[in-house]
Structure formats: C-alpha cells, structure tokens
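Written below as structure tokens is the structure these notes are about.
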Amino acid sequence: MRYFAKPAEGSWTLRYPELGTGPIDYADSIDPDFFEAERDAIFKRTWLNVGRVERLPRTGSYFTKELAVARTSIVVVKGADGEIRAFHNICRHRGNKLVWNDYPNEETSGSCRQFTCKYHAWRYNLDGDLTFVQQEEEFFDLDKSRYGLKSLRCEVWEGFIFVNLDPDAEPLRDYLGPLAKGIEGYPFHEMTEVYQYRAVIGSNWKLFIDAFAEFYHAPILHNKQYTSEEARKIAQHGFEALHYEIAHPHGMVSCAGGQSPPKDLSMVKPMDRELRSGLFGNWDRPAIEGLDPLPAGINPSGSKIWGIDSFHFFPNFMLLFWAPGWYLTYHYWPTAVDTHIFEGTMYFVPPRTARERMGHELAAATFKEFALQDANTLEATQTMLASRAVAEFPLNDQEILLRALHKNAGDYVRSYRENAASVSGARTVL
C-alpha cells in the first residue's frame, strides 16, 4: 500500500537518472588515498559553514575554527566596520598559531582590539594588518604592509558564516543554489537559545551523513525511544518520505511526523505532558514572524502531517527544520579516513517561562539519545567496510540522498585528479 505519492517517473531516484539505480561502491569511505584527495578536491574548494553571526555580537568578537581536514586553523572576527572576516590563524613572523589559549589544538573565542602573537608579540588589527613588530629596527627593510594576516574568502548567508580556501570560488549564494534560496526568510535570527553536542566518531564523515540523509532506518533503529509506539506502526507499513529534491551537489528530504501536541496523550511520558515538550521540541509553536507561513522551500509538498525537513549542503553541513518551530544543524569535520568530529547544535526562540526553558532542555537531552543511537552503528559499519568482504551495496528509493552524496564526492575527486594529471602532463611536455 502506497501512502505518499511518488513522482511521475515512478520513483524519486529515477527522477535523477544521473544517479543510476545499481549498487554503490563504498570504497570512498575506506580508501586513504581517496580521503587525501578529498582534502584538496572538496574541503579546500567548497564553502564550509563555520558558525553563525550571533557568535560575533560586537566589534572585536572572534572565534577560532580548527579545519584539520584542510590542514589549517582559522580565526573569524568582526571588524570595526561591521564586516566579518576570516584569516588563517598563523603569525607572519615564524608561523606560530596566533590565537589560542592554554591548548593550541582547542578552539577558543572572545573579544579583543587586536591579535598579539604569544611568541614574539607581533600585533595585528581586526582587519588583519600588521601594526607592531617587536624591535622592528632589527629586521632588514621590513615592510609591514606586506605581512598582514593571510585572509580567506568569507561570506554570510542568512546569518550563517561560510569560508572557502579557494580564492577563485564562485560566490556563496551561487554555490548554495535554489535549495538555499527557498528557505531564505526563515527566522534564524530569532532562535538564539543554543544547545550543542560534540563527539569524536570512529567512521568516515560520509557515513554519518548517510545516517541522517534518510529516515528509512527510523522505525527500526529508534524503536526503543520516545517514538517507539509510532516507530512500530511505521515499521508495519514501511517508511516513505513526503518529498526529495536534489540540486547538485546539495539535496533535501521532507518527512512526516512530530506533530505537536501528540494525538494520543496516553502514550506520552508524564514529564513530556508536564513540560509540553519532547523529542520534537516544545509543543507550543513560537509566535514569531517567518513561521506562518513558512518559506516556500520548507515542506514543499504542503503536507498537513509534515514534521521535519533535512537539507544537506555539500560537503558537511546539514540544516533541519522542525514543525514545532525550531531548527538544528549538523556538521561533520573529517580528521582521517575513518574518524571525524560530529557537531549537533539546536536553536530555539528564547523561553518566556521556566516551563519553556525546561522543555528546551528536555528536547536537547532527548536529541542526545537520538543522535547516539544513529552514531552507535557507525564504527561497526566502518570496520566491516574496511574488511572489504563485500564491495557493493544496494540502496533503495528512500536512500537517494546517499547516492547523491557519494556520487558528488566521487565527481569532485575525479575532476581534481584529472586536472592534476593534466597540469602534470603539461609540465612534463615543457
């Protein structure tokens, strides 16, 4: 029995024939050489979200971000002119990391008038200009204008700060494309109460994106959670999403569920009933502009039972909208072929009452359980993929975004390698 309409092509996957329907080779998640190519082909050439503007509330506010996959650290700062800029976190004198506290590999944040190197006290203003050199007379014809901080591309979309290590990259809005355009106007700026989880995961970065890019697993993997009763019902009939859309290299899936308040309160835990909250957030929708109506790109099917939209902006940023009126971000920061850092961040409208605050905390605690259940399978997957006992795996129609992710990663790496080979060949001829 079919509960939701398929597109005219007969399946979501057939709507995008470039994806194919055959089994997928997961060598891209276990091959060290492929991962090394991803560093340059993907993470040094695409737009990476590193935070939101609320982290930089005033002139001189800054934060650092460790981009191990790109072999660098950056500092993002708000200048006196209100512009947000990003610089490689390196002093131009002897290469010391410029901004750090007690432990050089830990990220930090704060506010300052200038950046001062801990090693020899070279100083830089908020625009990155070198303004002071200790014992400048000891240097030989030193032109300070040539030794400012090394900048990188930095642009802002809907309050999200992105950086790109490629100086020739296309503008951010062009890169994000129509999927991002369709969600502009959502009240991100109103949702400033933040809860964050961070974990080191023993798997390739793409495998965790796989886990959150489909809801096919939900009735099985999450059947011991708050939604256990609903999960069992779905499992009896099979899961189908409301809508999928791909605009390479990005994609989204729209899903039913998470209605607030639940129809059957007898199945709800006493704490949830008291706080009017749970896994899907507070039951009472915030009364703010931008939620009614929602931007056209959210719940594109117009379903009355819509619950969640999950957008994946390639390579490692996911943005999820929840029907009760809050949003969630996922980031996946590779550290090796078989490890990455996962960050999950929840954003709510600041609470007006103690009950609303406790409701947010309940949702945040429940989310941790939700994420751990997904993460719990990943190391087992990674170890068995590494065995190479099986080379290819079939994907169903509900796993279309997985096909797109692995295809796009492969396309970026293939293009990079072909270009590198072409350049090498040209040098050989010369």
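For clarity, every value in this text was computed on a predicted model and none was experimentally measured.
Within the structure, the side-chain hydrogen bond (donor to acceptor under 3.5 Å, both in side chains) test picks out no pair touching residues 380-392 (sequence neighbours left out). Identified under the ring pair (Phe, Tyr, Trp, His ring centres under 6.0 Å) test for residues 8-41, with sequence neighbours left out: Trp12-His243, Trp12-Tyr244, Tyr26-Phe393, Tyr26-His406.
A heavy-atom distance below 4.5 Å is not found between the side chains of Met346 and Trp322.
Scanning for ring-ring contact (aromatic ring centres under 6.0 Å, His included) contacts around Trp157 gives Phe160, with sequence neighbours left out. Looking at residues two or more places apart in sequence or on another chain, you find a side-chain contact (heavy atoms from CB on, under 4.5 Å) between Arg414 and Asp411, Glu418. With sequence neighbours excluded, no residue forms a salt bridge (Lys or Arg N to Asp or Glu O under 4.0 Å) with Arg113. Residues passing the side-chain hydrogen bond (donor to acceptor under 3.5 Å, both in side chains) test with Asp31: none are found, sequence neighbours excluded. Here Phe342 pairs with Phe208, Tyr330, Tyr332 under the ring-ring contact (aromatic ring centres under 6.0 Å, His included) rule; sequence neighbours left out. By the salt bridge (Lys or Arg N to Asp or Glu O under 4.0 Å) test, Glu170 is found to be paired with no residue, residues two or more places apart in sequence or in another chain being considered. Checked against ring-ring contact (aromatic ring centres under 6.0 Å, His included), Phe313 has the following partners two or more places apart in sequence or in another chain: His250. By the side-chain contact (heavy atoms from CB on, under 4.5 Å) test, His248 is found to be paired with Glu18, Leu19, Ile246, Ala404, Asn408, residues two or more places apart in sequence or in another chain being considered. Partners of Tyr347 under the ring-ring contact (aromatic ring centres under 6.0 Å, His included) rule, at least two apart in sequence or in another chain, are Tyr327.
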Indicate every side-chain donor-acceptor pair of residues 62-74 with a distance under 3.5 Å to a residue at least two apart or in another chain.
unit_1	atom_1	unit_2	atom_2	d
Thr64	OG1	Thr108	N	2.9
Thr64	OG1	Thr108	O	3.4
Lys65	NZ	Glu343	OE1	3.3
Lys65	NZ	Glu343	OE2	2.8
Glu66	OE1	Lys97	NZ	3.0
Glu66	OE2	Ser73	OG	2.8
Glu66	OE2	Lys97	NZ	3.1
Arg71	NH2	Glu36	OE1	2.7
Thr72	OG1	His88	ND1	2.9
Ser73	OG	Asn89	ND2	3.2

